[in-house]
Undergrad: 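Handing you this structure, nothing more for now.
In each ligand, atom 1 is the first atom listed, and ligand 1 is the first ligand listed. Treat the numbers as computed from the prediction; the structure is a model and nothing was measured.
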Amino acid sequence: MIHSPAPYPMRSSGATALKGDVSVPGDKSISHRALMLSSQVIGTTQINGLLEGEDVLNTAKALTALGVQLTRLSKQCWEVHGVGIGGLRESDHVLDLGNSGTSTRLLMGLVSPYPFTTFFTGDDSLRTRPMARVITPLTMMGARIVARGGNKLPLAVTGSADMLPIRYSLPVASAQVKSAVLLAALNTPATTTITEPQPTRDHTENMLRYFGFKLHSEKAEDGSVSVAIMGQQKIRPADHEIYVPGDPSSAAFLVVAALICRNSSIYIRNVCVNPLRAGLFKTLKEMGASIELRNERSIAGEDVADLVVSSSRLKAITVPAERAPSMIDEYPILAVAAAFAEGETVMHGLSELRVKESDRLSAIIESLEACGVTARAEGDTLYVTGCAEQPKGGVTIHTRYDHRIAMAFMVMGMATAQPVTVDDATAIQTSFPDFANLMNSIGADMVAVGATHVAATTHAPITIAIDGPAASGKGTLARRLAEYFDLEYLDTGSLYRAVGMKVVYAGKDPQDKSAALEAAKNIDAEDLANPRLRQERIGQAASVVSAFPEVREALLEFQRQFAASGKGAVLDGRDIGTVVCPDADFKFFVTATLYARAKRRHRELQGQGIEVVFESVLEDLRERDARDEKRSVAPLKPADDAIIIDSSAIDANNVFEKVSQIVLKKYPALAA
Ligand code: S3P
């Protein structure tokens with residue numbers, strides 16, 4: 001994604017007494033690896049809890065372009081049909097990885113052993129980031145890489161079918177570079193060995209082992225770690241299931257918020273606490289934080305736990321350089337915590353922060369100073385002096401399109417004397433799309449400011465389910481929402497009409513269950529645009545075929561796929577929130593009194609030049625309601641968590657206004 005030119009400012013105001021029992025989205029690093037590695041085994045892998053942030057969606061898009069079939073089964077649940085080692089094909093377009101360094105560097109490794117060319121580019125931030133660190137080892141192995149000046153994106157990787165194994169010592173501790181070489185080594189004969197100066201996150205190794213690959217890791221006395229992998233291993237075809245734990249780098253924002261806001265106590269479930277990612281929690285505990293790990297367990301090679309965090313008085317400490325790889329993404333939020341600690345916190349070994357999504361070292365210092373906190377860097381060491389008094393805040397932070405700077409300073413605003421505004425919160429979509437919402441659910445006060453016209457970002461597809469009785473206005477509402485939010489629209493009633501149409505036009509009786517079932521299995525998008533669907537006799541046939549549970553079941557998959565694919569969808573019908581999309585982001589049940597609906601339908605018919613007496617319309621609707629409610633399969637009723645919209649006394653415009661405001665409150669970035 002070339003990031004949106006329309007910035008999206010957000011303000012975070014003071015908060016106390018945060019409370020809640022929450023989960024954070026799936027781990028970003030593990031999500032990328034789950035998609036990439038499951039493409040390299042023969043079999044189907046179901047990934048549960050996948051992070052649906054822009055970065056991971058960009059990896060998914062790139063893999064699709066490389067010939068891998070990915071299906072979104074439901075919210076955060078994806079299926080990957082592995083092509084096996086050597087099974088990728090050349091992409092016929094440039095891979096745009098948006099803001100994601102992990103996608104770019106790992107995929108460069110993945111495509112290196114293929115004798116075709118792959119072009120890579122990214123957004124303004126990614127195009128400034130150094131790629132020499134991956135270009136060097138991949139070139140040693142045999143890939144040819146042509147990059148823009150300074151080894152930046154855009155670049156092209158022409159892979160080789162004759163890759164050579166290497167022994168490579170990483171000049172910087174980088175899990176991305178290690179993983180890029182490991183992915184290239186997967187399809188390279190003989191043994192490739194990578195040595196890292198300090199251990200970095202080992203999710204690639206853990207997941208490779210989980211899929212059945214053999215590799216050998218060894219820690220030397222000087223603290224360095226070597227990983228050796230033999231390429232082109234024969235892995236037995238098999239189906240797998242992966243559970244992605246919550247991202248500790250996202251949990252970090254909730255943890256620090258709970259520590260610095262008075263009288264808070266929160267419970268965060270299912271967080272990855274792999275020791276190579278848990279440096280922040282260790283550091284905060286040394287600073288006096290009350291963070292308790294509960295239900296510690298291991299899932300597919302990853303340590304997972306629930307966290308209980310309560311407000312704490314923090315004191316400054318010195319964080320050693322060796323710890324940096326285990327908390328490399330957490331320094332912005334640690335620096336915020338340090339601003340509330342007693343004394344000067346010293347953080348060593350931060351040179352890598354200069355080449356993240358922004359120059360984070362400068363961004364942290366500039367933003368802390370703006371908030372009234374003393375901070376400075378000397379070489380690669382950061383010093384932050386905790387405020388004896390509450391930091392003043394009352395500023396707008398320049399986020400440099402960096403998600404972690406944006407989130408860290410939104411958290412800062414929760415405990416400063418005056419609110420903190422970030423100039424652009426769109427980057428948060430890359431890793432934690434629901435951030436503001438989740439924070440508000442535990443007691444934060446984060447709102448969009450002055451954003452009257454915001455270009456839509458690549459958000460995870462959202463689903464809006466709309467149910468309701470006949471003539472409630474649900475169809476009109478659904479169409480308007482789809483148009484306004486640029487979502488796909490499915491009138492699920494038309495599916496049953498399409499089944500009825502196929503049966504009738506095949507000369508069969510709609511009561512013929514097997515004919516109806518056959519038709520339901522063969523519905524495609526074109527059927528839904530057929531003008532015959534509006535015929536009265538087709539409407540009657542639809543009401544017959546829709547009573548067959550088998551037909552409803554057969555149409556489920558079509559509806560779910562529709563909801564999950566593409567840019568997001570609005571579906572209306574009778575059982576959308578209850579049966580078809582129980583995980584929908586929004587469920588509305590639009591209703592009105594029988595009298596109001598009959599009036600509406602009567603007016604509608606008159607508008608079409610159809611003369612009917614009001615009483616017969618009323619009677620007709622009364623009968624349909626009774627049928628809908630009593631139906632044994634999927635009877636018409638609101639889902640337990642549906643928002644009921646009573647449209648008896650308001651017109652279609654008011655209904656739309658009301659519902660669209662609810663959607664925008666949760667996803668302000670959707671503003672048209
Ligand atoms: C990541 C590794 C780290 C980290 C990044 C994700 C990964 O980068 O900063 O957010 O998933 O491998 P480096 O490898 O550049 O340290």
Undergrad: Sequence neighbours left out, what passes salt bridge (charged side-chain N to carboxylate O under 4.0 Å, His left out) with Glu302? Give chain and number order.
TA: none

Undergrad: I'd like the contact residues of ligand 1, where contact means a heavy atom below 4.0 Å.
TA: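 Within 4.0 Å of ligand 1, protein side: Ser29, Arg33, Thr102, Arg105, Ser174, Ala175, Gln176, Arg201, Ile328, Asp329, Lys356.
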
Undergrad: Report the residues that fulfil ring pair (Phe, Tyr, Trp, His ring centres under 6.0 Å) with Phe281, sequence neighbours left out, ordered by chain and then residue number.
TA: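 None.
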
Undergrad: Is a side-chain donor-acceptor pair under 3.5 Å present for Ser23 with Arg269?
TA: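 No, no side-chain donor-acceptor pair sits under 3.5 Å.
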
Undergrad: Output yes when Glu352 and Arg360 qualify as a salt bridge under the 4.0 Å nitrogen-oxygen rule, no when they do not.
TA: no

Undergrad: Could you check if a side-chain atom of Met36 sits within less than 4.5 angstrom of a side-chain atom of Gln40, using non-hydrogen atoms only?
TA: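 In short, these two side chains do not touch, never coming nearer than 4.5 Å.
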
Undergrad: Please enumerate all residues that pass side chain to side chain contact (heavy atoms under 4.5 Å, CB included) together with Ala408, with sequence neighbours excluded.
TA: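 If we apply the side chain to side chain contact (heavy atoms under 4.5 Å, CB included) test to Ala408, skipping adjacent residues, the hits are Phe253, Pro332, Ile333, Val336.
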
